[in-house]
Amino acid sequence: MLLNGATAQTYNPLWVPPTLTGTTFSLSLNQTNKQFFAGKTTLTYAYNNNDFWGPTLIMNKGDKVQINLTNTLVDTTTTHWHGFHIPAIMDGGPHQTVPAGTTWSPSFTILNNAATYWYHPHLHEFTQQQLTRGAGGLIIIRDAEEAALALPRTYGVDDLPLVLTSRRFTTNGANANFVVTNSAYGDYLLANGTLNAQVSLPKQVVRLRILNAEIERSYNLGFSDNRTFHVIGTDGGLVEAPIAVTRVVLAVGERVELLLDLTADTVGATLDFKAYNSGQARDFPGGEPATSGPFGSLLNNTTFNLLHINVSAATANPITTRPAVLKTNSFWTANDVTRNRTVTITGGFPGSATPLFTFDNTSFSLGVFNQTVNLNEVEKWTISNTSGFSHSFHIHDIQFNLISRTGGLNAGVKNYEAGWKDTLFVAQNQSVSFLAKFDTFASYSNPFMYHCHFANHEDEGLMGQFLVVNNAVEDLAISSFTRTGTNNQIVLQFKATPGTTYTLQFSNDATTGSWVDIGSVTSDGTAVTFTETDPTRLAKARGFYRVALPKIWY
Ligand code: C2O
Ligand code: CU
């Protein structure tokens, strides 16, 4: 049963998530509740005792950060740092489970550019449920290059975070619960978790950091007077110069940073930020005509309000102009590419032999590595969508640059997609290509994920795993091998570069066995010594060691 009649003409103040700063961040995922509708309680998940969603983490490029994430739910979770270039084992994907009542403490160095990222649960088969209940938060990375620009950056004043999603509710007595499955599209828009949100923005240039945190819906963003606004950032950094637009389509998982110029507006005037989703094709997620059912919604194929803006007086020292130039991005080119790879999105035809979405007709398995990439190679990936619907493709570890989008709905790379990205929209019968370098982090045992960011599609198995492996082992011959000491330890020595960290690997069989990382050593000289102390391996009649170069963990 839908909650009809809840379309208040009155507005609610936009909730702005609190911030956490520094290099140590404490997060605790909790179950709580919120009254979205007066007198009706909705069970929600949130981080740090908010009632929906979580605090915004502000991090600085170059800092080594530690996060202490405590799971106070009765269920397992994971928390993924979406868009971050970090070791796979720190990534918070489906392998880094955090059981109920435990704390996970990843730490890593921030290598990403200044931009807007986010964190969210990534537990295989439960991502939709945990996201729907409200678990998630934004991360703002700052860096020196961005800090040197005259851009608005007073959080919540002229630099506003805006998390867009929607929910379907069922009512039962005093409760209005989220429909957590069988609902791709919500009926009620939530801006930072607020229904019918309004905000006061000062009469100056303001920055909006927008995340599409939906399950499936895309937003065709624009302002009610059709004014021009400017895109300054994509998923993974600033674009080279502000890009003038009147509409921006934002798919699930994507972020965009906008400059909205209110200098010519009158104090007291109002403006609506809207999703111009009416008249969209069926391939546009949320363009379907149905108003109910699994793929219907009261918001489908309609134009609806995202945020009601009241123009208020300018702040002291307002930003009143746009920088003409933002930065120089060195994107990869076809000449850099050493490998082409195609990932095909298949299935998704209900009633056929392939009802579920898959990559390359292969069901997802946590134990299967679907792709192997060589460390430091620039690859061209083509995501070819032959499946029954459109998708939002996300890849962990890297930021890419889009080079082509052919066939299907709205072909072509949009001018406002000309920046570093980690998520892309691929319509049905469309192919999208990107270039990316897989550098810094390698492992023979910890994979990164790629998947559709529609949480329902991800949960049903539209996900794959890739390893980034370091094959530069040929110069790393082990020069001495001795067994010594009372428990017959093995001491290995090999040539080394000072300051470089080397990973030792072991296998039961040099040709047919799989190699497992057993440790890493950082060299302080021209040679490295590794001492094997593991009793299980020491007790073996036969075993093989090799050295891989270099895994930078922190
Ligand atoms: Cu935002 Cu693999 O996810
Ligand atoms: Cu999908």
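Since we're looking at a predicted model, the values are computed, not measured. Both counts, for ligands and for their atoms, begin at 1 and track the order of listing. Side-chain atoms are counted along with the backbone in the values below, which use heavy atoms only and exclude waters and symmetry mates.
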- Message: Can you tell me how far apart NE2 (H457) and CE (M463) are? Round to the nearest 0.5 Å.
- Response: 13.5 Å
- Which of parallel (below 30°), tilted (30 to 60°) and perpendicular (above 60°) describes W118 and W53? parallel
- Message: Measuring centre to centre across the rings, with the benzene-like ring taken for any Trp, is F466 within less than 6.0 Å of F438?
- Response: yes
- Message: Below 2.8 Å, can you find an N, O or S atom of H82 next to atom 2 (Cu) of ligand 1?
- Response: no
- Message: Among the N/O/S atoms of H391, which is closest to the Cu ion (ligand 2)? Give the atom name.
- Response: ND1
- Item | R167 charged N/C atom sitting above F36 aromatic ring, 6.0 Å / 45° | no
- Say whether, by atom type as modelled, one donor and one acceptor occur between the side chain of N30 and the main chain of T72 under 3.5 angstrom. no
- Considering only N, O or S atoms, which atom of H457 is nearest to the Cu ion (ligand 2)? ND1
- Message: At less than 2.8 Å, would any N/O/S atom of H122, backbone or side chain, sit next to atom 2 (Cu) of ligand 1?
- Response: yes
- Task: Of all N, O or S atoms in H396, identify the one at the shortest distance from atom 2 (Cu) of ligand 1.
- Result: NE2
- Considering only N, O or S atoms of H451, the one closest to atom 2 (Cu) of ligand 1: NE2
- Task: Answer yes or no for H120: is there an N/O/S atom below the 2.8 Å cut-off from atom 1 (Cu) of ligand 1?
- Result: yes
- Taking both backbone and side chain into account, is any N, O or S atom of H394 nearer than 2.8 Å to atom 2 (Cu) of ligand 1? no
- Determine, step by step, whether T77 and Y45 satisfy the side-chain hydrogen bond (donor to acceptor under 3.5 Å, both in side chains) criterion, reporting the C-alpha distance in whole Å, the side-chain angles of both residues, the deciding distance to 0.1 Å, and the verdict. CA-CA 11 Å; T77 191; Y45 286 178; over 6 Å; no
